[in-house]
Amino acid sequence: MNVPTDLRYCTSHEWVRLEGDIATVGISDHAQHELTDVVFVELPALGREVDSGDPTAVVESVKAASDIYAPIGGEVVEINPDVEADPSLVNTDPYAQGWIFKLKVKDVAAVEGLMDAAAYQAHIG
Amino acid sequence: MTQLHSTPLESAHLELGARLVAFAGWNMPVQYNSIIDEHTAVREAVGIFDISHMGQLFISGEGSMEWLNRMLTNDLGELEIGQGQYSLMLNEQGGVIDDLILYRCGQDDFFLVVNASMTDEDHAWLNQHKPEAVSLKNDSTQWAGMAIQGPEAEATFARAVPGEIMPSRNSMNRTGEGAIVCRTGYTGEDGFEFFCPANQAVGYWKRFLEAGAKPCGLGARDTLRLEMGFPLNGNDLSADRSPIEAGLGFFCKLDKGDFIGREVLAKQKQEGLQTKLTALRLTKPGPPIRAHYPVQDAKGHMIGELASGALSPSLKAGIGMAYLPIEFSKLGTELQIDVRGRLFPAEVVKKPFYKKS
């Protein structure tokens with residue numbers, strides 16, 4: 001499984017890329033592999049305030065719907081229209097074109113509390 | 001948790017990297033790589049499913065035919081030896097205990113394929129009603145089953161078991177090696193179901209794979225059957241819904257003589273139905289719709305819930321079936337499906353959802 005070293009990860013398999021105070025969120029290669037064919041992504045409303053751990057988006061495969069949790073608190077400032085139009089991007093390019101939403105983060109330091117690539121790699125075994 | 005049963009093909013599934021899940025008490029492959037690819041293989045080429053979890057009941061002895069005709073809704077009198085038919089077994093209230101396929105192997109000799117979840121219950125119900133002269137055997141654990149389905153199924157059969165004769169539609173054959181081949185299925189495609197002793201299962205499975213069949217799991221089996229509007233017992237059929245309500249009146253021969261549940265069906269036919277299993281489809285692109293999602297009328301009144309639902313891989317649209325008050329079952333009726341609090345417009349459509357172009 002591909003686990004890029006420049007990202008942070010949650011136990012619930014979201015990844016975070018922090019640039020300034022903007023955190024881009026998606027799901028890991030491991031998660032997309034477990035879900036298999038992603039057929040629908042439900043995006044959050046722009047401007048929604050979320051706390052860390054809030055169900056914020058939904059990714060659905062043929063068999064199941066899975067909540068995507070906010071890795072850290074913030075305001076939803078951007079959503080990815082491309083994954084709405086072509087949900088399979090979550091499978092084919094989970095760390096780039098398959099991103100799901102961006103948060104304007106209140107507490108940038110909270111990202112440091114998430115797993116780094118080595119810890120996440122150990123988590124998924 | 002109770003111990004799950006393993007089919008004789010479990011090791012073959014694991015070798016192929018299948019994901020196994022608990023289904024009706026069995027550890028079954030839900031998918032190998034991709035449900036969509038597996039679904040597409042069956043629609044366009046050929047796939048193979050492990051159906052060893054299904055129950056195999058053998059019934060024989062003088063009077064079997066007459067007795068079974070009183071236990072089941074379809075008319076066995078229409079069957080030549082070697083032919084099969086879809087039928088339903090009802091309780092006294094006209095509710096569905098199980099739906100099944102029955103094959104007539106001889107004058108008074110029958111082979112029944114029943115749902116995995118209901119095998120024990122079906123056996124007990126039949127046993128409780130059977131005359132002494134009739135023999136009833138549940139050989140489900142000794143038999144393995146595979147469904148080979150798709151437009152290339154016949155060619156796959158010819159390559160895998162050369163020299164054997166493929167039966168005609170809805171009929172069965174015994175092979176030289178004692179396997180039972182039935183030209184039936186649950187996908188809407190041409191194909192056959194192949195039953196053999198459990199210890200021969202892996203050998204045949206490999207022969208069918210080598211002959212070109214793609215391994216397919218229960219995930220694809222479910223989307224394939226739903227695209228055809230075929231019911232799944234436990235979702236679309238239940239002990240408190242009659243086959244008339246489920247839209248299966250064609251398989252209930254009310255004029256064949258008495259059978260268990262007949263009076264209730266006759267009354268429903270005469271008085272008309274209150275509710276009906278209704279096929280619906282999302283009218284715009286949307287999320288997959290799933291069993292138990294609430295169904296509303298166009299004004300936002302709750303009128304039922306989905307019995308089955310999926311994002312159809314062939315149609316790329318949400319499809320489902322729900323028991324709805326009869327006034328909402330007319331083609332074109334506007335409905336709404338509640339997906340996690342968001343409403344998606346749908347309309348009543350005709351079954352099957354999917355038709356071969």
Side-chain angles (χ1 to χ4, degrees), chain A residues 1-2 12-14 26-50 53-70 76 79-94 98 100-101 124-125, chain B residues 17-23 28-43 216-227 232 235 282 284-293 306 308-320 337-344:
Chain A
M1 290 304 144
N2 181 13
S12 46
H13 308 290
E14 294 83 4
I27 66 166
S28 72
D29 188 32
H30 171 80
Q32 72 76 19
H33 182 80
E34 286 299 305
L35 285 169
T36 68
D37 307 314
V38 173
V39 292
F40 188 79
V41 180
E42 185 178 299
L43 297 168
L46 283 174
R48 188 177 145 196
E49 295 279 347
V50 293
D54 282 354
T56 303
V58 181
V59 171
E60 299 203 47
S61 67
V62 178
K63 276 319 262 185
S66 304
D67 283 321
I68 305 304
Y69 300 97
V76 177
I79 50 180
N80 186 357
D82 297 342
V83 294
E84 203 167 35
D86 179 8
S88 70
L89 289 172
V90 175
N91 293 118
T92 54
D93 197 7
I100 297 172
F101 56 86
I124 60 179
Chain B
R19 290 155 200 255
L20 302 182
V21 297
F23 177 80
M28 296 298 293
V30 64
Q31 65 182 100
Y32 296 82
N33 288 307
S34 153
I35 292 175
I36 292 175
D37 290 354
E38 292 163 25
H39 179 108
T40 306
V42 172
R43 287 274 177 257
C216 298
L218 292 177
R221 192 166 162 80
D222 193 49
T223 50
L224 288 158
R225 69 93 193 167
L226 186 58
E227 285 184 350
L232 171 64
N235 279 49
L282 291 191
K284 288 180 191 153
I289 54 175
R290 304 180 192 277
H292 307 299
Y293 283 10
L306 292 177
S308 286
L311 187 75
S312 156
S314 303
L315 304 169
K316 313 224 178 329
I319 58 171
I337 312 299
D338 179 339
V339 181
R340 297 179 291 271
R342 287 170 67 192
L343 293 173
F344 291 86

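Note on naming: letters A, B, ... go to the chains in the order of the sequence lines (proteins, then strands), and numbering restarts at 1 for each one.
Interatomic distance, CG of B:Leu311 versus CD1 of B:Ile36, reported as 7.5 Å (0.5 Å rounding).
Remark: A:Asp29 pairs with A:Gln32 by the side-chain hydrogen bond (donor to acceptor under 3.5 Å, both in side chains) rule, at least two apart or across chains.
At a threshold of 4.0 Å, the pair A:Glu42-B:Arg342 counts as salt-bridged, since one of the basic side-chain nitrogens sits closer than that to a carboxylate oxygen.
There is no contact between A:Ala85 and chain B, counting heavy-atom distances below 4.5 Å. Heavy-atom distances place no part of A:Val41 under 4.5 Å from chain B, backbone and side chain included. With a 4.5 angstrom heavy-atom cutoff, B:Asn33 touches chain A only via backbone atoms.
A donor-acceptor pair is defined here as one N or O able to donate and one able to accept, closer than 3.5 Å; such a pair exists between the side chain of B:Glu227 and the backbone of B:Ser314.
Among B:Arg290, B:His39, B:Arg19, the residue with the largest count of heavy-atom pairs under 4.5 Å with chain A is B:Arg290.
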